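Everything on this sheet refers to the single structure shown next.
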Amino acid sequence: MAGTGKAHLRNSPDVLLSVNDLVVEFPVARTGLKVNAVSGISFDVIKGETLGIVGESGCGKSTTGRAIMQLPAPTSGSIDFNGQELTTLSKDEMRDARTKIQMIFQDPISSLNPRRKVRDIVLEPLLVWKRGTQEERDILVNRILEDVGIDPQRAAESYPHQFSGGQCQRISIARSLVLDPQMIICDEPVSALDVSVQAQVINLLENLKAKYGLTLIFIAHDLAVVKSISDRVLVMYLGKMCELASSDDLYARPSHPYTNILVDSIPEPDPEVIYAPTAVMGEPPSPINPPAGCRFNPRCPNVQDRCRVEEPEMREIAPAHFVACHNPLTY
Amino acid sequence: MKFWMQRVAMAILLLLSVSALTFGAMNVLGDPLFNILGPLAGDVNNPKSAALIEEVKAKYDLDKPLPVRYVKWLGDFATGDMGVQFSTDGQPPVSGLIKERIPRTITLLIMAQLLAVMISIPWAAITAARAGKRSDKISTMNSFFLLAMPNFALAILLKYIFSLKLGWFPLTYKAIDPYFERLRQIFLAAVTIALPAAAVYQRLLRTDLITTLQQDFILMARAKGLSRSRVIFRHAIRPSMFSFITVVGLNTGGLIGGSIVVETVFRIPGIGSSLVESVLREDFPVVLAIVILIALAFVIINVLVDILYSIIDPRVRR
Amino acid sequence: MNDSDPRTTTPLLEVSDLKTYFRTERGTVKAVDGVSFSLQRGQSLGIVGESGSGKTVLSRSIMGLLGRTNLIREGSIKFNGQELMGLSVKEMRSIWGQEMSMIFQDPMTSLNPVMKIGRQIAEPLMLHLGMNKSEARLTAEKLLTDVRIPEPQRRLNQYPHELSGGMRQRVMIAIALACGPTLLFADEPTTALDVTVQAEILHLINEQRVDRNMSLILVTHNIGVVAGNTDVIAVMYGGKIVEKAPTKTLFSSYKMPYTEALMRSIPKLRQASHTRLATIPGRPPDMVNPPLGCNFAPRCAYARPKCLVEEPGLTVTENPEHVYACFYPVGSPEYHERKLELSQRSDLLSTGGQN
Amino acid sequence: MSEETIIVSDSPDAEINAAIQKKIGWGFWLAISWVILITLLAILAPYLHLKDPRGYFIDIDGNGRPPYGPSFEHWFGTDKDARDIFARTLHGARISLIVGFSAISFGFLVGGTLGIIAGYFRGWLDKIISFTFIVLLSFPSLVLAIMLTALLNRSLFTISMILGILSIAPVGRLARASTLQFSDREFVLAARQIGASDSRIILRELLPNVVIPMSALALLGMAVAIVAEGGLAFLGLSVSQGITWGSLIQIGSDSATTLENAPWIAFFPILLLFLTVLSLNFAGDRLRSHLDVKESSL
Amino acid sequence: GSDSEGTEAPTTEAPTSEAPTTEAPGTPVAGGTLRYGVEAETDGLNPTSSAFAVSAYVMGNAVFDTLTALAADGSAVPNLAASLTPSEDLKDWTLVLRPGIKFHDGTDLNSAAVKANFDAAYAAPLVGLAVRPFYPTENAVEIVDDLTLIYHLLDANLQFPHALRSQLGMVASPTWLAAALEDPTLNQAPVGTGPFKYESRTQDSVTRFVRNEDWWGGEVWLDAIEIIPVVDPATRLELLQNGELDAMHTTETESLAALRADESIFNIIDDNGEESFLMINSANAPFDDIRVRKAITLATPRLEYNTLFGNGEARLADQRFTPESPYYDETIKQEADDPEAALALVAEYCADGLLTADGSPTCTDGKVNMEWQYTGPSVVGQRITDLFNASWAAAGFNVTNDELAQDDHIQQAALGQYNVIGWRQFGAYQPSNDNVWLLCRTVGGISLNWPRYCDESRDTLLLAAQVAPTIEEEVSIQKQISQNLHDAYTYIFLQHTVWANSFTSAVNGTCDVKTPEGVALACAINGTTAFTSTWMS
Ligand SMILES: Nc1ncnc2c1ncn2[C@@H]1O[C@H](COP(=O)(O)OP(=O)(O)OP(=O)(O)O)[C@@H](O)[C@H]1O
Ligand SMILES: Nc1ncnc2c1ncn2[C@@H]1O[C@H](COP(=O)(O)OP(=O)(O)OP(=O)(O)O)[C@@H](O)[C@H]1O
Ligand SMILES: [Mg+2]
Ligand SMILES: [Mg+2]
């Protein structure tokens with residue numbers, strides 16, 4: 001499992017973003033080795049859809065998100081956004097294209113400049129692009145700040161550190177909204193937040209998505225969170241894809257052994273649910289030297305000889321349910 | 001492996017740049033002819049003097065273009081020939097001067113570093129353990145005072161109190177005195193260098209110790225029931241030593257700078273005072289040799305710090 | 001408490017009215033503000049609460065592991081009948097490691113990075129049990145086997161950075177278990193780990209607890225983690241225990257509106273996607289200037305004027321193990337009344353709030 | 001669940017902030033006051049009714065041979081030439097402070113710019129600039145200063161420049177390090193993804209973050225430059241004709257008899273130099289931790 | 001020190017006389033190391049090539065002997081030489097050496113060795129400058145036999161014996177001289193015939209000499225002499241007082257009072273030697289004009305200078321001689337301290353609107369542009385500069401200061417690239433010995449006549465003085481010379497330099513120094529002392 005392939009790509013005119021064979025490698029300083037952060041993944045997102053991406057730490061989720069923004073540009077692969085190939089754009093064209101895709105980061109504090117007033121942070125994109133008159137800009141910024149639940153008055157006179165983590169995350173969201181993007185990539189936007197605040201932000205994203213007609217990519221390592229917000233979920237493992245399905249389907253019937261383990265491992269806040277996770281061997285290997293064949297094979301309970309040599313491709317195991325595994329769990 | 005080669009290449013490039021810069025600068029500055037011939041160098045209208053000038057120029061390659069001289073100098077230097085002291089009668093080799101003076105400066109610096117380290121480690125351990133308490137605050141004030149006292153001023157104060165008023169330490173350094181007597185003669189100078197350095201090290205180590213002491217593994221060690229001193233000395237000191245070592249290492253360069261002033265105040269004929277003298281006399285081979293040696297020491301110390309690092313921090317071992 | 005020894009009459013740990021304050025530049029931080037509970041031998045207690053609610057301070061305060069400067073610590077902590085409050089650090093040292101030990105949140109930072117694993121495990125063995133080097137080494141090797149670390153002998157000579165996160169957490173557990181403590185604190189032992197690894201570590205801790213008949217205090221902000229691993233759960237909010245009940249009881253019949261809000265704000269796997277989550281508005285109280293009455297009142301949908309001025313004490317339910325601190329608990333008439341109002345209002349404001 | 005509740009919970013933050021803001025402490029203000037006082041005295045020295053700093057107040061009949069100790073007439077006493085040390089010390093502050101100030105300004109301008117450029121653009125530019133810094137740093141600063149003074153003339157301008165050059169590398173390295181650190185922060189990524197240009201990012205996002213904490217360094221750096229100037233003057237290598245603290249100290253300590261019999265000649269300038277450096281260090285240190293607190297309180 | 005008295009007749013045989021006992025009597029004992037603090041380190045110790053300053057003389061006195069020596073009565077008497085006899089016309093002097101003397105390296109002292117020394121000095125680029133003007137280019141020294149040689153002079157000179165008691169009279173081993181030509185570093189390790197042998201030398205720290213057991217002049221008492229340069233005079237004094245030095249010399253007036261006051265210290269103090277003065281370069285505009293020279297003279301704060309730098313110890317100088325000297329002319333007073341008069345002269349001069357050699361105006365805003373050069377960095381140099389600047393500026397001069405390293409300073413003075421500088425000179429006990437600084441023939445590319453002032457009539461006087469048959473005649477000529485010097489306004493005399501040679505009570509016999517014939521010699525000359533009779537208790 002944990003493989004490549006494109007069987008799951010849709011051929012719909014509504015596809016807003018289509019990622020093909022995305023590969024991102026980082027050189028390891030001083031050694032000449034490289035980190036295979038993302039090794040050939042493909043997916044697409046339809047307008048208005050929310051795609052969730054889950055996986056363990058270091059499996060390349062953030063790298064994927066950033067590669068779409070060309071921050072940094074991927075090693076290879078194509079990224080087609082609204083008919084525009086992002087990987088071949090010039091610097092200026094890319095600047096332009098970036099306004100249509102925005103990103104929200106995990107750390108609400110580090111994503112805001114500590115030395116600028118909150119309102120200026122939200123206003124900044126409009127100034128960069130010289131959009132509207134000053135009056136129009138003021139109106140827009142105030143409206144968006146109110147939409148995310150921040151008092152514009154206070155925003156005008158306060159710095160980020162005067163807000164709580166949840167509020168900072170909302171400010172980030174506001175900033176990403178002012179340029180009226182078509183798509184927002186959320187890289188673990190709630191992982192650093194407390195449970196009670198986490199729900200606030202998730203609900204806010206759901207609301208804004210409806211209100212502004214957004215398409216979302218939602219990255220998180222917490223399956224329950226991803227499931228709660230996504231239409232479809234992509235499971236990643238060590239830079240490869242494992243499984244892609246609609247969220248309810250995925251949790252109801254995980255077909256990839258890794259997805260299954262992941263689902264199993266989550267301690268449910270319910271004492272009635274007997275918590276007996278499937279034992280999994282060891283921990284994820286290093287992406288510097290990933291295993292041959294299926295990348296999950298060293299830890300897979302269902303491993304076969306074939307998995308050690310041949311890399312599985314994504315295939316449709318049930319309608320709209322794709323899995324990259326030679327030996328999937330029965331559906 | 002590749003990394004080490006890079007480092008060595010870098011060090012060599014560094015030394016080349018430093019030497020080329022100094023060589024260029026000192027040649028613009030100094031007039032070796034004048035150093036050697038004195039007033040005769042300016043007596044160009046006298047054919048006898050002019051002939052002498054030509055002779056000296058030829059002898060010391062002063063008629064060659066600068067880059068040629070640099071390359072020659074470099075080749076000589078690499079083989080241990082540092083050229084001659086232009087401004088000293090008879091143009092004796094620079095290496096003689098260096099050999100004679102460098103042990104004093106090295107002794108002074110080692111003594112100063114040892115003092116500084118010996119003072120700073122316990123000082124830091126004590127203050128870090130009492131961080132925030134009165135005694136810690138007083139010690140912080142003390143180190144502020146020490147750091148605000150320029151080394152020449154400190155040297156003067158120490159000299160005033162301990163040499164002139166109390167008479168505990170001699171006023172001169174005498175090269176032919178017995179070894180331990182000479183150690184006593186440079187002690188005040190070493191203290192002058194050591195005190196502010198100790199304050200720097202202490203502040204640094206204290207901060208790092210406090211950071212370390214707040215870390216979970218210290219709590220873990222305490223939760224094992226280890227005694228306080230064991231926690232500090234067995235668990236906390238070593239992981240707190242990284243910036244300490246770096247700074248102690250890198251600071252050696254700074255101490256050499258300090259030794260210039262201190263050697264001058266206490267009239268110790270070492271490398272530092274020699275540097276000042278030769279700059280004033282515009283005797284560039286001496287300046288050049290000293291500057292290069294200092295840069296060399298800097299590079300070597302850097303490497304040593306790296307090695308030390310890998311000894312105390314297993315994480316950087318490869 | 002199922003595992004508790006019936007012959008034990010006194011509880012292993014009895015904390016009453018424990019207060020732990022920090023003096024800071026901003027004022028006094030009331031990190032733990034009057035906490036009382038008791039724990040039987042072999043029992044496991046889960047402490048949940050949001051970040052900053054005082055869980056870590058509580059467990060460290062009980063162990064006496066907080067720094068002495070600017071600390072105010074009051075109340076009583078009885079361990080095995082012995083009063084710990086007021087013991088000197090020296091006296092505490094014989095308890096640490098031997099009687100009580102602790103596992104910390106971040107396995108990356110909780111092991112000394114420059115000391116070999118073997119020495120770190122052997123240290124308490126030699127100190128408390130008076131073992132010599134080779135005995136300690138053998139015991140350490142056995143401990144590593146117990147926590148299921150493969151090739152224990154080789155690991156002893158490794159440094160922490162040579163191990164993976166999960167491994168390190170196992171080493172930590174081995175150190176904590178080394179001298180056979182009767183009470184183990186685990187402060188967010190799995191937060192820094194991947195889910196797949198988290199499951200195993202939790203399993204390991206529980207297994208060791210049962211094997212060694214230890215008591216366990218498991219501190220976490222993840223209700224899921226305590227649900228399957230503890231006998232009793234205490235919910236903390238603003239430095240206080242606001243509800244405490246046997247695990248099953250808590251999930252089935254919580255009384256505190258805060259517990260309710262917490263439960264409902266967590267996305268659950270079994271819920272369909274896009275299920276709307278309940279939210280708690282605002283943010284946790286400032287521990288320097290806590291609200292006058294009930295700490296939760298400013299955020300509580302069911303709060304009434306009384307809640308804002310008067311502090312509720314702990315109320316015991318019909319189940320003596322189940323206590324809560326609320327004037328208008330879940331199920332009370334006032335609760336129902338307000339709930340009705342709210343649902344009517346949310347109909348009106350169906351455009352959706354921001355929270 | 002309504003907006004009201006959010007806004008209610010805002011108020012404590014403001015208080016917390018106010019509390020932190022106040023906490024820079026009276027020590028800082030005391031130190032700053034001293035710096036301002038000494039600066040004012042230095043600026044106003046020619047207009048205050050001080051004794052002529054170059055005047056000889058020889059009074060053999062009344063007081064015998066100079067040096068004269070501190071008295072009502074000469075607050076700090078006189079030197080061997082019967083020149084008034086009080087007036088000279090205040091006049092000496094002029095050059096010391098001007099050199100300190102211009103050196104660190106130059107260092108900030110050049111070093112700061114280079115450091116930010118290196119840290120932001122990285123790559124070969126960074127390699128070259130960092131290497132330059134290392135080269136500069138491998139001369140002990142006093143050695144470099146002595147070499148340069150020997151090379152150039154010793155006017156106020158060149159001395160300031162020389163000390164400015166010395167501060168390029170330390171300032172630059174710090175600027176580079178904090179630029180590196182900040183350009184990894186996500187708000188810089190965020191700025192790039194809204195399409196901000198490099199110059200805008202440097203000016204708007206990085207500069208305030210890098211420079212504001214370094215303003216504390218400016219105070220410390222000024223202290224270092226003043227001490228360095230003193231060191232040069234002490235060796236007789238500072239501004240050739242001016243009175244500076246270093247040269248005053250040198251006059252008082254050059255001979256052991258002078259130092260032993262008339263310690264005030266050296267000690268009063270030392271005291272002023274010490275207090276000024278102490279104040280700058282202290283204020284800088286306080287400011288630094290103050291600026292840090294604001295950040296860590298996030 | 002003693003008053004210099006003119007010698008009446010050429011000395012052929014060394015006279016015998018009793019030396020005055022100046023110290024506590026006692027029987028000399030062998031042993032002990034004399035630690036001697038000198039004011040500066042010296043560059044080289046080769047008398048034929050290194051320029052000797054006081055410190056070099058102190059060291060030279062240990063390791064070398066001079067051909068003649070200064071007797072206590074002020075005459076020059078044979079020392080290494082057995083006799084020195086002039087020809088009729090006083091132009092050729094025959095020198096006979098004492099037999100059987102060996103250098104420390106075993107080389108014999110003979111006339112070839114003396115000639116080798118002379119030739120080396122004559123050829124030496126710098127030292128030769130002071131030698132060449134007085135000797136023919138060929139065969140200046142002629143060897144007669146193994147121990148006899150003849151010096152041929154250009155001018156008749158009755159005072160020639162005085163020339164051989166200084167650097168020129170120090171005789172170094174010819175073997176060593178030859179070796180030092182090959183390896184100049186040997187210049188630091190001198191080989192002579194003197195009472196002490198060179199042992200070791202650490203520049204700026206200590207130079208050590210040990211007893212020459214086979215000294216030709218008799219028994220040497222001290223085991224060793226260590227010469228220690230201590231630049232700071234106060235530190236030197238301190239070290240002497242607390243016993244870390246046994247002897248020292250100083251010119252610093254502040255130390256003098258302390259030295260005098262200290263009972264346990266034996267001092268030889270005199271101010272008959274050098275004068276400190278300012279020197280004006282008369283070769284270039286504006287100082288080629290006597291009005292400007294006079295103006296700067298009048299503008300100079302001589303009294304204030306003496307107050308600040310004389311400390312009540314040093315006397316104001318009006319001419320080359322102290323009032324006690326027979327050559328002293330009480331009618332000659334150094335003018336100074338008259339700014340008004342200076343201003344008037346400046347105004348008069350500037351009205352002429354003259355230009356300097358490079359075409360720039362000599363005056364700006366009615367003030368004469370000038371440069372003051374001094375040695376630095378040094379505290380004293382800066383103090384003097386401050387003092388003169390203030391007064392000159394007030395008296396119509398635009399002063400630019402030029403601080404120079406010691407060597408640069410001397411070079412610029414020698415090459416005449418200066419306006420006004422401070423100097424210390426004219427220490428000779430026989431005034432004619434100073435002729436080298438005053439004659440027209442020493443003006444040149446490199447000038448020992450520093451002010452570059454040539455006056456034929458003065459030359460005549462100078463040459464006449466050195467053959468004056470009686471002291472009265474000599475005195476009268478010297479008075480005319482002094483008047484001439486005053487009228488030229490090329491020197492502004494400031495102070496008589498006071499030299500103190502001081503010893504702790506453990507040091508004895510310094511002034512018991514005698515020639516083998518028993519003639520008492522002067523024990524301290526311009527800050528230097530002999531070591532041959534010194535012993536320590
Ligand atoms: N700039 C970089 N340079 C080198 N390696 C990198 C870089 N960024 C990421 N990596 C490596 O690439 C791999 C994937 O990283 P990525 O951040 O995409 O993981 P992730 O799934 O987002 O993990 P997490 O849940 O921890 O955020 C990791 O091994 C990481 O160490
Ligand atoms: N040493 C201290 N000095 C001052 N305040 C402290 C100190 N330690 C903790 N606090 C404060 O006490 C409160 C409780 O902290 P604690 O660490 O116990 O929370 P927690 O529940 O463990 O949170 P988390 O889930 O984030 O670990 C917090 O407001 C914290 O800021
Ligand atoms: Mg990530
Ligand atoms: Mg905690």
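Every value quoted in this text rests on a predicted model; they were computed, and no experiment measured them. Naming convention: chains lettered A, B, ... in sequence-line order (proteins, then strands); numbering from 1 in each chain.
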Identified side-chain contact (heavy atoms from CB on, under 4.5 Å) partner of F106(D) from the options I162(D), V171(D), L163(D), I168(D): I168(D)
R260(E) bridged to E313(E) by N-O distance under 4.0 Å: yes
Salt-bridge contact D81(D)-R83(D) (side-chain N to carboxylate O under 4.0 Å): yes
Segment of L259(D) engaging chain E (4.5 angstrom heavy-atom cut-off): neither
I58(D), part contacting chain E, at a heavy-atom distance under 4.5 Å: side chain
Parallel, tilted or perpendicular: rings of F86(D) and W75(D) (30°, 60°): tilted
Options L237(E), N389(E), T307(E), ranked by heavy-atom pairs under 4.5 Å with chain D, top entry: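 Most heavy-atom pairs within the cutoff with chain D belong to T307(E).
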